[in-house]
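Data block below; observations after.
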Amino acid sequence: MVQSELNIMTAGHVDHGKTTLTHALTGKWTDTHSEEVKRGITIKLGYADTAVYKCPKCPEPEAFTNSKKCGKCGGQAELQRMISFVDAPGHETLMATVIAASSIVDGALFVIAASEKCPQAQTAEHLAVLETVGIRNVVVAQNKVDLVTKERALESLKEIRALLKGTLYENAPVIPVAANSRINVDALLQAIQENIPTPKRNLDAAPRLYVARSFDVNKPGAAVEKILGGVVGGSLLQGKLRAGEELELLPGMLRHKKGQDVYEPVKTKIASLNAGAESVPEAGPGGLIGIATLLDPSLTKADSLVGCVAGRPGTLPPVWKDFSVEVFPIARQVQKFPETFIQNEPLVLGAGTATTVGFVASAKKKKNFILSLQLKKPICADKATPLAVMRRSQNRWHLYGTAKIVS
Ligand code: GDP
Ligand code: ZN
C-alpha cells in the first residue's frame with residue numbers, strides 16, 4: 001500500500017449510513033474504538049484507506065472497483081489512486097468534530113438516506129458546514145435505496161435536488177446506492193474519481209500537520225526496555241515530514257502549575273513514520289500519518305495532543321490565548337440566533353482539528369461584529385486560518401459562521 005493522496009470526509013445525518021458506506025468503499029470499519037462501539041456511535045475521526053482501480057476492458061461504471069481484480073471480467077484492474085475516507089460522527093452534539101474533519105479533507109461524500117424525508121436536521125446543518133468551510137467538491141450518495149419504492153426514490157431525489165439548489169453543490173452528482181448490499185458502489189467510485197480531484201500540494205512548504213489523535217501504543221505491563229515512545233496521528237496540509245527530524249507541537253501539553261492550567265510547547269524527534277499502514281521514511285499530505293516520537297507515552301495517551309499543530313520547530317503559527325476576530329455569519333442559517341452577543345457569552349471555536357471555547361469580552365458592530373474573545377484553551381493558528389464559530393441555540397451548539405483573526 002502506498003500513502004493516500006487525498007482525504008474525503010463523509011457527512012450527513014446520524015444513521016443515514018456513513019459508516020456502512022465507508023465500509024462498502026474501503027472494506028474497513030472506521031469506528032473500532034471500544035468506547036464508540038459501546039455507545040453505538042462514531043465519536044472520533046476515523047480514517048479508512050482504499051485503492052481505487054479501473055478495469056481497462058470493462059465498460060463504466062462496472063470498471064471501477066476497490067480490488068485489483070475486476071469484479072466483472074476477472075481481469076487485472078489498474079490502480080488509479082489511493083484515497084483516505086474520514087468518517088465524521090453523525091451524533092447531533094458533535095458538530096465541532098464535523099468541523100474538525102472538514103479542516104483536513106479535500107472533498108466530501110454527503111450521505112442522505114432515501115428512506116427519510118430530506119432534509120433532516122443534520123443534513124441541512126452539515127451542508128452548511130461544507131459550504132462554510134469552503135469544501136468545493138462534493139458527491140452525494142442517496143443511500144438505502146433498497147428500502148424504498150421507485151416512487152419514493154424519485155421523490156427523495158427531488159428533495160435532494162431542492163436542498164442543493166442555490167448552494168455550491170447545485171450540480172453535484174447524486175448517486176443512488178445501498179451501502180450494506182454494495183449496490184452501485186462502482187458508480188460511486190467513478191463519481192468520486194471524476195468529481196473530487198487530488199489538489200495540488202505545496203510539498204516544499206514547511207510541514208504542517210493537524211493532530212487528530214494521540215495515544216500510548218504500549219500494552220500495560222510491557223517490559224521497560226520494550227516501551228515505545230508516544231504516538232501522534234493526523235494529516236499534513238502541506239510539506240513533508242521525515243523520520244529523524246525534530247518536531248514541535250503547539251499549543252502543546254496541558255500542565256497544572258500553581259493551581260493554573262498552562263499549555264507548554266512540546267519538542268521531540270520523529271523516531272519513525274507510518275502512512276497507509278506501512279513504515280515510511282517520509283510522508284506528505286493525504287491520509288493518516290502516524291508519528292512515533294521520543295516522548296514519554298504517558299504524555300500522548302488518551303488523545304491528549306488532539307488539536308495541536310505539528311511541524312518543524314520555529315515554523316509554526318502563533319499561539320493565542322485571546323484575540324479579536326471578525327465574525328461572518330453563514331448566509332443560510334439553519335437556526336435562529338440572537339442578533340447581538342452578550343458579555344461572557346461562550347462560543348465554540350474550531351481551528352484545524354482544535355476545538356476551544358471563547359468567552360465574549362466585548363463586541364463591536366462595524367460591518368460585521370468584531371468580538372474580543374478570551375479562550376479557555378489556547379489555539380495555534382495563523383491569521384489566515386479560517387475559524388468556525390458555533391453558538392448555543394435551543395440547548396445545543398450550532399454552526400453560526402466563520403471568523404478571521406484580526407489581532
Ligand atoms: P451513520 O450513523 O450515518 O454512520 O450510519 P450507519 O452506517 O451506522 O448506518 C445506520 C444503520 O443503517 C445501520 O443499521 C446500517 O446497517 C443501516 N444501513 C446503512 N446503509 C444501509 C442501506 O443502504 N440499506 C439498508 N437497508 N440499511 C442500511
Ligand atoms: Zn473488467
Side-chain angles (χ1 to χ4, degrees), residues 8-33 35-48 51-80 85-95 97-98 101 108-116 118-127 129-130 139-150 152-153 156-157 160 174-190 193:
I8 296 175
M9 75 187 279
T10 54
H13 196 72
V14 64
D15 275 348
H16 278 204
K18 296 176 294 296
T19 303
T20 312
L21 197 53
T22 306
H23 181 258
L25 287 162
T26 67
K28 298 174 192 86
W29 292 105
T30 47
D31 57 347
T32 51
H33 301 277
E35 192 185 351
E36 294 164 34
V37 172
K38 257 186 272 158
R39 294 176 57 190
I41 52 162
T42 319
I43 59 160
K44 284 182 198 164
L45 300 186
Y47 288 77
V52 180
Y53 294 90
K54 191 180 174 194
C55 175
K57 297 202 186 92
C58 286
E60 295 173 353
E62 292 96 327
F64 286 92
T65 161
N66 58 13
S67 126
K68 260 184 224 167
K69 203 171 128 187
C70 172
K72 196 170 162 71
C73 72
Q76 187 83 20
E78 291 165 357
L79 179 65
Q80 306 295 300
F85 286 91
V86 180
D87 194 16
H91 191 258
E92 56 183 2
T93 56
L94 298 169
M95 192 53 67
T97 318
V98 179
L109 181 60
F110 191 29
V111 182
I112 304 176
S115 51
E116 282 186 45
C118 169
Q120 295 291 312
Q122 291 158 60
T123 311
E125 199 155 21
H126 287 193
L127 178 69
V129 170
L130 298 179
V139 169
V140 179
Q142 181 196 24
N143 193 29
K144 305 201 186 187
V145 291
D146 58 314
L147 293 181
V148 302
T149 60
K150 188 173 169 205
R152 172 57 206 153
S156 152
L157 179 61
I160 294 170
V174 178
I175 312 294
V177 295
N180 53 2
S181 42
R182 302 185 48 83
I183 292 169
N184 252 3
V185 168
D186 48 7
L188 191 57
L189 283 171
Q190 179 177 359
Q193 282 300 99

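The figures here come from the full heavy-atom set of this structure, side chains too, leaving out hydrogens, waters and symmetry mates. Ligands are counted one by one from 1 in listed order, and the atoms in each one are counted from 1 as well.
At the Zn ion (ligand 2), the vertex angle linking SG of Cys70 with SG of Cys55 is 110° (nearest 10 degrees). Seen from the Zn ion (ligand 2), atom SG on Cys58 and atom SG on Cys73 lie at an angle near 110° (rounded to 10 degrees).
Of the candidates Asn143, Asn184, Leu21, Asn180, Asn180 brings a heavy atom nearest to atom 16 (O) of ligand 1. Ranked by closest heavy atom to atom 13 (C) of ligand 1, the top entry among Asp146, Thr20, Val177, Val148 is Thr20. Among Arg182, Lys144, Lys18, the residue whose heavy atom lies nearest to atom 12 (O) of ligand 1 is Lys144.
Residue Leu147 approaches ligand 1 through these ligand atoms, each under 4.0 Å from one of its heavy atoms: 26 (N). Near His16, meaning under 4.0 Å from any of its heavy atoms, are these atoms of ligand 1: 3 (O), 5 (O). For ligand 1, the atoms sitting less than 4.0 Å from at least one non-hydrogen atom of Ala178 are 23 (O), numbered in the order shown with element in parentheses.
Within the 4.5 Å cutoff, no side-chain heavy atoms of Gln142 are placed close to those of Ile175. Taking 4.5 Å as the limit, every side-chain heavy atom of Leu109 sits out of range of all side-chain heavy atoms of Val140. The shortest distance between side-chain heavy atoms of Thr123 and Glu125 does not fall below 4.5 Å.
If you check the side chains of Asp146 and Ser181, you find no donor sitting under 3.5 Å from an acceptor.
Where the criterion is an N or O separation shorter than 3.5 Å, residue side chain and backbone included, Gly17 meets it with respect to ligand 1.
Heavy atoms of His13 come nearer than 4.0 angstrom to ligand 1 in at least one pair.
Checking side-chain atoms of Asn143 against main-chain N and O of Ala179 turns up a donor-acceptor pair under 3.5 Å. Formation of a donor-acceptor pair under 3.5 Å by the Arg182 side chain with backbone atoms of Leu21 is not found in this model.
The pair Lys54-Glu60 meets the salt-bridge criterion, with a side-chain N (NZ, NE, NH1 or NH2) lying under 4.0 Å from an Asp/Glu carboxylate O.
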